[in-house]
Amino acid sequence: MKSFLYYLNPSSRGKTNIAVLFLLGAITTVDAQQKSSRDTLKTKQIEEVVMIGYGTQKKSDVNSSVSSIKTKDIQDIKQVSLDQMIQGKLAGVSVTNSNGQPGAAASVRVRGVTSINGTNEPLYVVDGIPISGDATGRSTSGRPIAGSDFSSTGGGGNNAVSPISFLNPNDIESIDVLKDASATAIYGSRGANGVIIITTKSGKKGTGKISYEGYSSVSSIYKTLDVMNLQQYALHQNQLAALFNAQPRPEFAHPELLGYGTDWQKEIYQTAIAQSHQLAFSGGKDGVSYYMSGNFLDQPGNIIGTGLKRYTVRLNLDAKVKDWLKVGGNFSTGINNEKFTVNQSFTGLISNTLLQAPDMPIRNLDGSYAAPPAGQNVNYFNPVAEALTRENKLIRKNFLGGIFGEVNLLKGLKYRAELAANTEFSESTDFQPSYDRGSQVNLTADLFERRQNWYSINVKNLLTYDFALGNHKFTVLAGQEALDSHWEGILGEGHGFKTNDIYGLNLSDADNRKVTSYKGSASIASLFARLIYDFNNTYSFSASIRRDVSSKFDPTAGDNQVGYFPAVAVSWKVSNEKFMEPLKPYIDNLKFRVGYGETGNQQIPNNRYSALLTDYFLPSNIPNPDLTWESMKQTNYGVDFTLFRNFNVNFDYYIKESKGFLFQYPLPDYLTGGLSQYGGMDAPYSNLGKVENKGIDLTLGYNTNGEIFNWSSSLVISHYKNRLLDIVNGVTLTEQANMNGYQPYVVTNSIVGQSIGSFWGYKTNGIFRTLEELQNAPIQFGQSIGTAPGQTYLGDVRYVDVNGDGVVDAKDKTIIGDPNPDFTFGFTNTFKYKNIDLSIFLQGSIGNDVMNLTRRNGIQNAMLYQNQLVEAMDFWSPQNPNASLPRPIGSTSNPNIDISDRFVEKGDYARIQNVTLGYTMPANFLSTLKMSRVRFYVSAQNLYTFTNYSGYDPEIGSFNQNVLLTGIDNGRYPSPRTFTFGVNLEF
C-alpha cells in the first residue's frame with residue numbers, strides 16, 4: 001500500500017489547509033478544517049500506467065495496440081504456468097494448452113501465425129530480462145531438454161516444457177502484451193511474434209506486510225472414451241476373425257458369460273491432490289522497498305507416474321541512495337522436478353491405453369506385470385507397467401536476475417544501466433527397464449541421459465529525456481543492448497544392465513555405451529531510439545528504430561547480419577476537443593490510433609550459413625551463405641471509447657505480412673542421406689516465402705462502480721485469418737504424424753492461398769452400399785471391383801475424384817480442414833457484494849477443425865487383438881448394410897483408413913473455465929487480530945465444456961509448438977477438472 005500525506009496553503013483558499021491522501025491508486029481531496037464525510041470527499045482515479053518497450057506510459061497516451069491485465073484479474077486461476085493463466089483474458093492473444101501434463105508448454109499466438117519456422121511463440125520480458133517463448137530451443141541448441149526429439153515421426157512425443165514454468169504466478173504484478181509492430185519494433189529481431197512484458201511485485205511504502213496464500217486442489221479427468229469392455233471385445237474379435245479367415249479364440253466362444261475385463265482408462269487415470277504454499281514479505285521505508293517470497297508447489301499429474309514439484313524464491317529490492325541515484329535488483333531462482341509420460345506418438349501411453357485389450361489383467365498371479373499371450377501380433381504394451389516402471393524425469397534449475405542503477409543527470413534526463421543474467425541447468429533421465437512378459441520383451445534395459453545448460457547475459461544502457469515546451473511534450477529514448485547466449489550439453493546412452501534396481505551409465509555394458517556432446521553460442525548487438533510527442537494531450541506521435549546485428553547470419557555476405565526495424569504511430573484523442581464537451585456523458589475517451597512497424601525473426605540454429613562437421617569430420621549440413629532476416633510488416637488501425645461512463649470499447653484491425661520466412665528446405669532423404677546424426681546431411685535453411693495475417697481484436701468492458709454491490713464484466717474477442725501468399729519454387733510444405741503401428745502419414749499441407757498447417761487428405765462421400773454406386777464411381781486407387789484383398793467392394797469408403805480425371809489416387813488429396821479458429825473469446829464476470837466475491841470466466845473457440853487420429857485408431861477395424869471404440873462394432877456387412885463405418889479389412893494400410901475428412905471434426909467449444917467464490921472477513925474484526933486481510937475461497941477450473949467433439953478435449957494446441965501440426969489429436973494428455981480450496985492471509 002502506497003500512501004503519504006502532504007499539506008498545501010494555496011493563496012486562493014486563504015488559511016484553509018488541504019490534505020491530499022494518495023491511497024490505493026486514488027487521489028482524495030479533503031478540507032483539513034472540516035470533518036470529512038462522504039459528501040466532502042471527491043475522488044479522481046490515477047490513470048493506469050502500462051509497460052511499453054524499455055519504459056512506461058499512461059494507458060490513455062499509448063498510440064500502439066497494447067493489452068494489459070493485473071494480477072487481480074488472474075489470481076483465482078490456479079495454473080502451473082503463467083502462459084496458461086492468460087488464456088481468454090487478452091484480445092489478440094490465443095492460448096491453447098497442447099498438453100494436460102503439469103509443466104507442459106502451451107501454444108501462445110499473438111495475432112495469429114507469423115512464421116512457419118518451428119515456433120510462433122512471443123518474446124517474454126520479465127523485469128526487463130528477455131526470455132524466448134520457444135520451448136524447442138530451435139534458436140539455441142535445437143534439442144529438447146526432455147525426451148529424445150521433437151519430430152512428429154519419432155518416439156519422443158509431445159515433450160516440450162514451458163520456458164516460463166519456473167516463474168511463480170503469485171509473484172506477478174502485471175502483464176502487458178505489445179501486439180502490433182509499432183509497439184514491438186523496439187525489440188527488433190525478437191519482436192515478430194509479439195512481446196509479453198511481465199512485471200513482478202515490489203514493496204510499497206509503509207508498514208511491512210507479511211502475506212500467505214495456501215491452497216489444496218483435487219483434479220480428475222472428467223471424461224473417458226467409450227471403448228469396448230470384455231464382452232463387447234470378445235464378440236467383436238469373433239466377428240473380425242471370421243472376416244479375416246482367422247481361427248476364433250476358444251475363450252471367446254460365449255462372450256455373454258464374460259465379465260467386463262480390465263478398464264485401462266480407470267487404471268491409468270488418477271485423482272490428483274495438489275498443494276501450494278506461498279509466503280511473502282514486502283514493505284518500504286526511508287527510500288528502500290523490498291519484496292521477498294518463497295513458494296512450494298506439488299502438482300501430481302492425472303496419469304499415474306506423472307507430476308511436478310516446484311520450489312521458487314524471489315527477491316526484489318529498490319533503494320534511493322541519493323536524490324539523484326536509485327539502484328535495485330530483481331532476483332529469482334527455482335527448481336522444477338518433473339515426471340513425464342510420452343503422448344501424441346506411436347509410443348504414447350494414452351494411445352496404448354485405449355487400444356490395449358480388456359482380456360489382459362494388470363498383473364499376473366505372481367505379482368509381475370501381465371502382457372498379451374505369446375503369439376499375439378500386437379504393438380501395445382501394458383500401460384500401467386509402462387507408467388510405473390519407466391523412469392522419465394527432468395530436473396530444471398533456473399536463475400533469473402538483474403541489477404540496475406538509475407541516475408538523474410538533469411531535470412527530466414535519466415541514465416539507466418542494467419546487467420542481467422538468465423541460466424538453466426537441466427538433467428533428463430529416461431530409464432526403460434528390462435522385462436520378459438512373453439509377447440513383449442526388452443532383454444536389455446536402456447538408459448538415456450541428457451545434461452544440458454545454457455546461460456545468457458544481457459546488458460542495457462538507456463538514456464531518457466522528458467521535457468515540455470508549453471503544450472508540447474516530448475519523451476526521447478536512446479539505448480544500447482547486447483545479448484550473449486551460450487549452451488552446451490552431453491548425451492549418453494547405455495544398454496545391457498544387470499539389474500533394474502540400480503542404474504547409471506557406468507553400470508551399463510561397456511560395449512553398448514555411447515556418449516556425445518554439443519555446444520554453441522549466439523549473440524545480438526543492438527542500438528535503438530524512440531521519440532514520443534504529445535500536443536495539448538490531444539494529438540500524439542511516436543516513432544522508433546532499432547538496428548540489430550545477429551551472429552546467425554554470414555558476416556562476410558554484405559549486410560545479411562544487419563537488420564533495421566522502424567515503426568511509427570499516431571493518435572487523436574477526439575474527446576479532448578472542445579466540440580466533444582457536450583457529448584462526454586454519452587461518449588468519452590474517444591481516441592483513434594494508426595500504427596505501422598517492421599520486425600524480424602532469426603529463430604534458427606546457429607551457423608547454418610556455413611557447413612558444420614560431424615563427429616567423423618564429415619559435413620553435417622548444407623550451408624546457405626545467403627541466409628538473412630525473416631521480416632514482418634504490420635499496420636494497425638484502432639479506436640477506443642467509453643459509452644455512458646461505464647462501458648469501455650477497444651477495437652483494432654490489423655494486417656501483417658511476413659516475407660522471406662526462414663525454413664529448412666524440405667529436401668528428400670535420397671538427396672541428403674537423412675539427418676546428420678544418421679550419417680546424412682541436414683537440408684539447408686532458406687528464406688522461402690510470404691505469409692499474411694488479417695484480423696481484429698475487440699475488448700468490451702463494463703463496471704457498475706457500486707459501493708455495496710459491484711459488477712464488472714469483460715468480453716474479449718479475437719479473429720484472424722492467415723494464408724500463405726508465396727513459396728519459393730513451389731516447395732511442398734507437408735508434415736507427418738506417426739500413427740499406431742509405426743506408420744507415418746502426411747496430415748497437413750501448407751499451399752499458396754490457404755491457411756498454414758491445413759489438414760490434407762481425401763474427401764469422402766459415404767460408403768458404397770449398392771453395386772450401381774460402385775460400378776458408376778471413379779476407379780478407387782487402381783483397384784478392380786471384387787471381394788479379394790486389394791479390390792474395392794460394397795462397404796468400402798467412397799472417395800471423391802477431386803481433380804475429375806476419372807480415378808481416385810494421390811492426386812485427389814486436398815484441403816480437408818483448417819485448425820485455425822474463426823474467432824476465440826473470453827468472457828469474465830466479477831460480482832462483489834459486501835465481503836462476498838464471485839467470479840465466472842467463460843472461454844472458447846469457434847470455427848476451427850480438429851483431426852481426431854485417436855478416433856481413427858479406435859475405429860479402424862484392421863487388426864486382431866486390439867481394442868477399439870464401441871462405435872467400431874457398427875461396421876458394414878451384408879447383414880448390416882446401413883452401418884456407419886466401412887467393412888473391416890485385415891491390413892493397417894488398407895484404403896478405408898487413409899487420412900480423410902472422416903476423421904476431421906468441428907473443434908468448436910465453450911468452456912466454463914473458472915468459477916471462484918470468495919469471502920473476505922470484515923476489517924473491524926481483523927483489526928483485533930492484528931491482521932489486514934483474511935480471504936477464503938473455493939474455485940472450479942475447467943468446470944464444463946460445451947462441444948460436439950468426440951475426443952477427450954477439443955483444445956488440442958500445437959504438437960511441440962509446431963504450427964504445421966496444430967489441431968492434431970493423436971493421443972493428447974487430457975486437461976483435468978480441478979476444484980481448489982484456498983486462503984489468503986495478510987499481517
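For reference, positions follow the sequence shown, starting with 1.
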Exercise. Dump the intermediate steps for salt bridge (Lys or Arg N to Asp or Glu O under 4.0 Å) on K393 and E427, then the final yes or no.
Key: CA-CA 8 Å; K393 57 187 180 181; E427 304 172 10; over 6 Å; no
For the side chain of [X] and the backbone of [Y], is there at least one donor-acceptor N/O pair under 3.5 Å apart?
X	Y	result
T271	V218	no
N352	L349	no
R310	S165	yes
S107	S958	yes
S216	A274	yes
K179	A91	yes
N914	I840	no
Q344	I968	yes
D176	I69	no
N703	S713	no

Self-check item: CA sep, side-chain torsions, deciding dist, call: D953, R972, salt bridge (Lys or Arg N to Asp or Glu O under 4.0 Å)
Solution: CA-CA 8 Å; D953 191 341; R972 178 188 181 275; 3.8 Å; yes
Side-chain contact, heavy-atom cut-off 4.5 Å: [X] with [Y]?
X	Y	value
E121	Q961	yes
P976	Y269	no
T704	N646	no
L123	I131	no
L700	N648	no
L394	S426	yes
N343	N970	no
R314	D127	yes

Quiz item: Roughly how far, to the nearest 0.5 Å, is the CG atom of N392 from the CZ atom of F431?
Solution: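 These two atoms lie 12.5 Å from each other.
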Has [X] got more than 12 heavy atoms of other residues, nucleotides or ligands less than 6.0 Å from its [atom1]?
X	atom1	value
K834	NZ	no
Y919	OH	yes
F709	CZ	yes
K339	NZ	no
K285	NZ	no
L929	CG	yes

Practice problem: Let me know which of R935, K78, R933 forms a salt bridge (Lys or Arg N to Asp or Glu O under 4.0 Å) with E213. | Solution: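 Single pass found, and it is K78.
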[Y] versus [X], side-chain donor and acceptor atoms under 3.5 Å:
X	Y	result
N302	S219	yes
Y949	D969	yes
T828	K89	yes
S217	T980	no
S950	E905	yes
D134	S132	no

Self-check item: Trace of the ring-ring contact (aromatic ring centres under 6.0 Å, His included) decision for F946 with Y944
Solution: CA-CA 7 Å; F946 302 90; Y944 189 81; 4.8 Å; yes
Practice problem: Identify the residue among D171, L82, V125 that makes a side-chain contact (heavy atoms from CB on, under 4.5 Å) with I198. | Solution: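 Only one of D171, L82, V125 forms a side-chain contact (heavy atoms from CB on, under 4.5 Å) with I198, namely L82.
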Self-check item: Sidechain N-carboxylate O distance under 4.0 Å for D837, K72
Solution: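 No.
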Quiz item: Does R396 pair with E424 as a salt bridge, N-O distance under 4.0 Å?
Solution: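 Yes, charged N to carboxylate O under 4.0 Å.
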Could you tell me how the ring of [X] sits relative to the ring of [Y]: parallel (under 30°), tilted (30 to 60°) or perpendicular (over 60°)?
X	Y	value
Y212	H277	parallel
Y311	F296	tilted
F825	F823	tilted

Self-check item: Y973 and its side chain to side chain donor-acceptor pair (under 3.5 Å) partner, picked from T341, N99, T306, N158
Solution: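 Only one option passes, and that is T306.
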Quiz item: Has K397 got its NZ or CZ under 6.0 Å from the middle of the six-membered ring of F166, at an angle within 45 degrees of the ring axis?
Solution: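 Relative to the ring axis of F166, which defines the angle, K397 lies outside at least one limit.
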Quiz item: Are S927 and N924 close enough, and set up right, to give a side chain to side chain donor-acceptor pair (under 3.5 Å), and what steps lead you there?
Solution: CA-CA 5 Å; S927 62; N924 55 359; over 6 Å; no
Quiz prompt | CA sep, side-chain torsions, deciding dist, call: R911, E955, salt bridge (Lys or Arg N to Asp or Glu O under 4.0 Å) | solution = CA-CA 10 Å; R911 173 173 292 153; E955 184 188 353; 2.7 Å; yes
Quiz item: Between Y833 and F831, is the ring centre distance below 6.0 Å?
Solution: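 No, the ring centres sit 6.0 Å or more apart.
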